[in-house]
Amino acid sequence: QVQLVESGGGLVQAGGSLRLSCAVSGGPFNAYNMGWFRRAPGKEREFVAAIKWNGGSTDYGDSVKGRFAISRDNANNTVYLRMNSLKSEDSAVYYCAADWRDYSDRYAYRQSTYEYWGQGTQVTVTS
């Protein structure tokens, strides 16, 4: 079965950077569109970023545009989220997700678009 495992979370000071990784196994990674979502305490899970199966399209949530960058390495079945200029409000559990259908920016931000999910990695930004 398809498994997604996130890593790279941790404690970082405001203004710092982190890179999250999500390793995918059990399925054809280069056929999956990938997304990152996050959930802060007491809040709904929100869209962070998405990338098409071939890396040809990316989309970002408004709160992270210009600070975060999603990328993928199809040779190593991994998707990344580079997070710069971190703020305390970026503190959350970050989840990666995979979807095998046609990529569309109309649907990439929706949780219901994604079939497979990881367990999440905690990011804590201290001020």
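Residue numbers count from 1 along this sequence. The shown structure was predicted, so the numbers you read here are calculated from the model rather than taken from an experiment. These values consider heavy atoms only, across backbone and side chains, with no hydrogens, waters or symmetry-generated copies.
Rounding to the nearest 0.5 Å places CH2 of W53 at 15.0 Å from CH2 of W100. Rounding to the nearest 0.5 Å places CG of N33 at 8.0 Å from CG of D102. Here the CZ atom belonging to F47 is positioned 12.5 Å from the CH2 atom belonging to W36, to the nearest 0.5 angstrom. Note that CG of L20 is 12.5 Å distant from OG1 of T78, once rounded to the nearest 0.5 Å. With values rounded to the nearest 0.5 angstrom, M34 atom CE is found 9.0 Å from Y114 atom OH. To the nearest 0.5 angstrom, S7 atom OG is 15.0 Å from Y94 atom OH.
In this structure, R72 forms no cation-pi arrangement with Y32, as its terminal cationic atom is not both closer than 6.0 Å to the ring centre and no more than 45° off the ring axis.
Shortest non-hydrogen contact noted between L4 and Y116 is CD1-CB, 3.6 Å. The minimum heavy-atom distance between I51 and Y103, with the atom names listed, is C-CE1, 3.7 Å. Contact between R82 and S17 at its shortest, heavy atoms only, is NH2-CB, 3.6 Å. Smallest separation of non-hydrogen atoms from K43 and R39: O-CG, 3.4 Å. In plain terms, the two heavy atoms of S91 and P41 that are nearest each other are O-CD, 4.5 Å.
At least one donor-acceptor pair closer than 3.5 Å links the side chain of E6 to the backbone N or O of C96. D59 places no side-chain N or O within donor-acceptor distance of the main-chain N or O of A49, the cut-off being under 3.5 Å. In this structure a side-chain-to-backbone donor-acceptor pair under 3.5 Å is present from Y60 to I70. Panel note: side chain T113, backbone Y107; a donor-acceptor pair is recorded below 3.5 Å.
Using a 4.5 Å cut-off on side-chain heavy atoms (C-beta onward), E46 and R38 make contact. Looking only at side-chain heavy atoms (C-beta outward), P28 and N30 come within less than 4.5 Å of each other.
One hydrophobic cluster holds both V12 and V64 under the rule that ILVMFWY side chains link at heavy-atom gaps under 4.5 Å. Transitive grouping of hydrophobic side chains (ILVMFWY, heavy atoms separated by less than 4.5 Å) keeps L86 and V93 in distinct clusters. A chain of hydrophobic side-chain contacts below 4.5 Å, direct or via other Ile, Leu, Val, Met, Phe, Trp or Tyr residues, connects V24 to L81.
No more than 12 heavy atoms of other residues, nucleotides or ligands shown are found within 6.0 angstrom of CD on Q119.
In summary, K87 and D90 do not engage in a salt bridge, as defined by a charged side-chain N under 4.0 Å from a carboxylate O.
Ring-plane geometry between W117 and F37 is classed as tilted, the angle between the planes lying from 30 to 60 degrees on a 0 to 90 degree scale.
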Are F68 and L18 close enough, and set up right, to give a side-chain contact (heavy atoms from CB on, under 4.5 Å), and what steps lead you there?
CA-CA 10 Å; F68 290 13; L18 274 178; over 6 Å; no
